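It should be emphasised that the depicted structure is a prediction, and the values quoted were computed from it without experimental measurement.
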Amino acid sequence: MGSALLRGFTNLQKEWQARQESSLFVLLGLASVAFLGAIEASPGAQHQELTPCYLLPIVFLAWHVNRAAGLQAAAGALLAGFLASIASGTPPPGSFNWAWNGCMRVLLYLSATLLVAAFRESYDRERELGRVDHLTHLANRRALIELAEAELARARRYKHPFTLAYVDLDDFKRINDRFGHHAGDRVLVDIAQTLKNSVRSTDLVARLGGDEFAVLLPETSEEAAQRVLTKLRNNLLDMLVESDRPISCSIGAVTFISPELTIEEMLDVADGLLYAVKREGKNQIRHQVLGTVPVM
């Protein structure tokens, strides 16, 4: 409970800091628009030449904040340009050139805002997809490393144990050979869902590739890890039996009392224990508790 509350408070802090940063960006962007408007309204200014300058705060806000912030800056730029043209009288308000310049500004600012915001949304979406396994919708290896590094830093800071498990399906090739790859994919999806349903919301399940999965259990002691690992294996076997799939699973897990290794090194240790299970007959759990120096 304390861990969940701490993590929730940390997330709230990050969200609050992000909102503060966005608000600061918006204020700076709108202040830049006002500054350009003041320059444009000054005697002798050629406001047509300053039109592209307004794009800087507009594009900045559309990219670093969101579309709405970019539109705010665009609206501010249009208002500033309108007031500056009235103040300077060049071109005369109501003339064809005045209306033409206004229309061009509207098109320019709106197009820039919408294009930049759309590109940023597409960029963020592709970036997110690059961290998700397309078949199971679990985190992939890249996301596991990134998220686990944050959990590892927290474990080191608060001196908490850290458990990492490597799960591999035994004889998975039988499924593909007997039922086809579509059936194999279905098994992997079911395995992923079973793993997710068997752990806490604060734990992380990732697909490392093929029929290999990793389960990260932050702040999990040896005794708690043994209970979770047993539950994981039993739930997986029950699901496989109920669905008449002729396979089992092997698990290699390590609880690090004082986690000083990198996530990649921890994965290597868990992977070594997994293959020890494979050599000894499969369908078992091998769980080891380590201090600062792994013993293989």
Side-chain angles (χ1 to χ4, degrees), residues 133 135-136 138-149 151-152 155 161-178 181 184-185 187-192 194-196 198-199 203-218 220-241 245-296:
D133 177 66
L135 176 63
T136 63
L138 296 177
N140 60 17
R141 186 183 186 93
R142 175 182 176 186
L144 171 69
I145 299 300
E146 292 179 357
L147 296 173
E149 287 293 349
E151 290 293 348
L152 182 58
F162 191 89
T163 299
L164 186 64
Y166 216 118
V167 181
D168 183 78
L169 301 182
D170 301 324
D171 303 313
F172 178 69
K173 190 173 182 294
R174 291 181 185 175
I175 297 293
N176 289 330
D177 292 343
R178 181 176 173 183
H181 289 279
D185 289 345
V187 171
L188 293 175
V189 171
D190 290 344
I191 290 289
T194 302
L195 288 172
K196 285 179 64 177
S198 302
V199 297
D203 300 328
L204 175 65
V205 180
R207 184 187 179 199
L208 302 181
D211 59 337
E212 296 180 341
F213 298 83
V215 181
L216 177 65
L217 306 171
T220 305
S221 64
E222 177 185 4
E223 296 77 13
Q226 287 175 345
R227 291 194 297 269
V228 173
L229 294 171
T230 301
K231 177 183 177 181
L232 279 177
R233 179 172 175 271
N234 290 340
N235 288 350
L236 289 173
L237 292 179
D238 288 345
M239 183 274 292
L240 291 169
V241 170
R245 276 114 177 212
I247 57 175
S248 57
C249 65
S250 298
I251 301 176
V254 191
T255 296
F256 296 89
I257 301 301
S258 179
E260 298 299 331
L261 302 178
T262 66
I263 295 299
E264 290 283 5
E265 291 170 335
M266 290 181 175
L267 281 171
D268 288 341
V269 176
D271 191 30
L273 294 173
L274 172 66
Y275 279 96
V277 174
K278 295 283 190 179
R279 291 191 301 269
E280 294 167 3
K282 307 176 183 179
N283 195 24
Q284 296 294 329
I285 300 173
R286 184 159 185 177
H287 179 210
Q288 190 168 349
V289 182
L290 300 178
T292 57
V293 181
V295 179
M296 296 296 294

Closest heavy-atom pair, G184 versus F172, reported as atoms and distance to 0.1 Å, is O-CZ, 3.5 Å

Smallest heavy-atom separation, N283 atom then L237 atom, equals OD1-CD2, 3.7 Å

Report yes or no: does T220 contribute a side-chain atom to a donor-acceptor pair with the main-chain N or O of T163 at less than 3.5 Å?
no

Are L169 and V187 close enough that some pair of their side-chain heavy atoms sits under 4.5 Å apart?
yes

Find out whether I175 and R245 are in side-chain contact, i.e. whether some heavy atom of one side chain is under 4.5 Å from a heavy atom of the other.
yes

Can you list everything that forms a side chain to side chain donor-acceptor pair (under 3.5 Å) with D171? Sequence neighbours excluded, please.
K282

For the residue pair L236 and L195, what are the closest heavy atoms and their distance?
CD1-CD2, 3.9 Å

Using modelled atom types only, decide if a donor and an acceptor are shared between the side chain of R286 and the backbone of S250 within a distance under 3.5 Å.
no

Between R142 and E146, is there a side-chain N and carboxylate O pair less than 4.0 Å apart?
yes

List the steps and the verdict of side-chain contact (heavy atoms from CB on, under 4.5 Å) for L138 and K196.
CA-CA 9 Å; L138 296 177; K196 285 179 64 177; 3.3 Å; yes

Could you verify whether a donor N or O on one side chain and an acceptor N or O on the other, from D170 and S248, lie under 3.5 Å apart?
yes

For L229 and I285, work out which heavy atoms get closest and say how close.
O-CD1, 3.5 Å

Rounding to 0.5 Å, atoms CZ (R141) and CD (E264) come to a distance of 4.5 Å

Is there side-chain contact between I251 and V167, with at least one heavy-atom pair below 4.5 Å?
yes

I want to check something: taking the side chain as every heavy atom from C-beta on, are R207 and L135 in contact at a cut-off of under 4.5 Å?
yes

Hey, is the main chain of L267 close enough, under 3.5 Å, to the side chain of D271 for a donor-acceptor pair?
no

Give a yes or no on this: more than 12 heavy atoms of other residues, nucleotides or ligands lie within 6.0 Å of atom NZ of K278.
yes

Mind checking whether F213 and L188 have side chains closer than 4.5 Å, heavy atoms only?
yes

V228 meets the side-chain contact (heavy atoms from CB on, under 4.5 Å) criterion, sequence neighbours left out, with V199, L217, L232

Looking only at heavy atoms, what is the nearest atom pair of L240 and I247, with distance?
CD1-O, 3.6 Å

Can you check whether D211 reaches K173 side chain to side chain, under 4.5 Å on heavy atoms?
no

Are the side chains of I191 and M239 in contact, using a 4.5 Å heavy-atom criterion?
yes

Out of curiosity, D185 CG to D190 CG, how far, rounded to the nearest 0.5 Å?
11.0 Å

Looking at P161 and T255, what are the two nearest heavy atoms and their distance?
CB-CG2, 4.3 Å

Does the R174 side chain pair with the main chain of P246, one donor and one acceptor, at a distance under 3.5 Å?
yes

Check: L216 and F162 side chains under 4.5 Å, non-hydrogen atoms
yes

Once you round to the nearest 0.5 Å, how far does CD of E151 lie from CG of L204?
8.0 Å

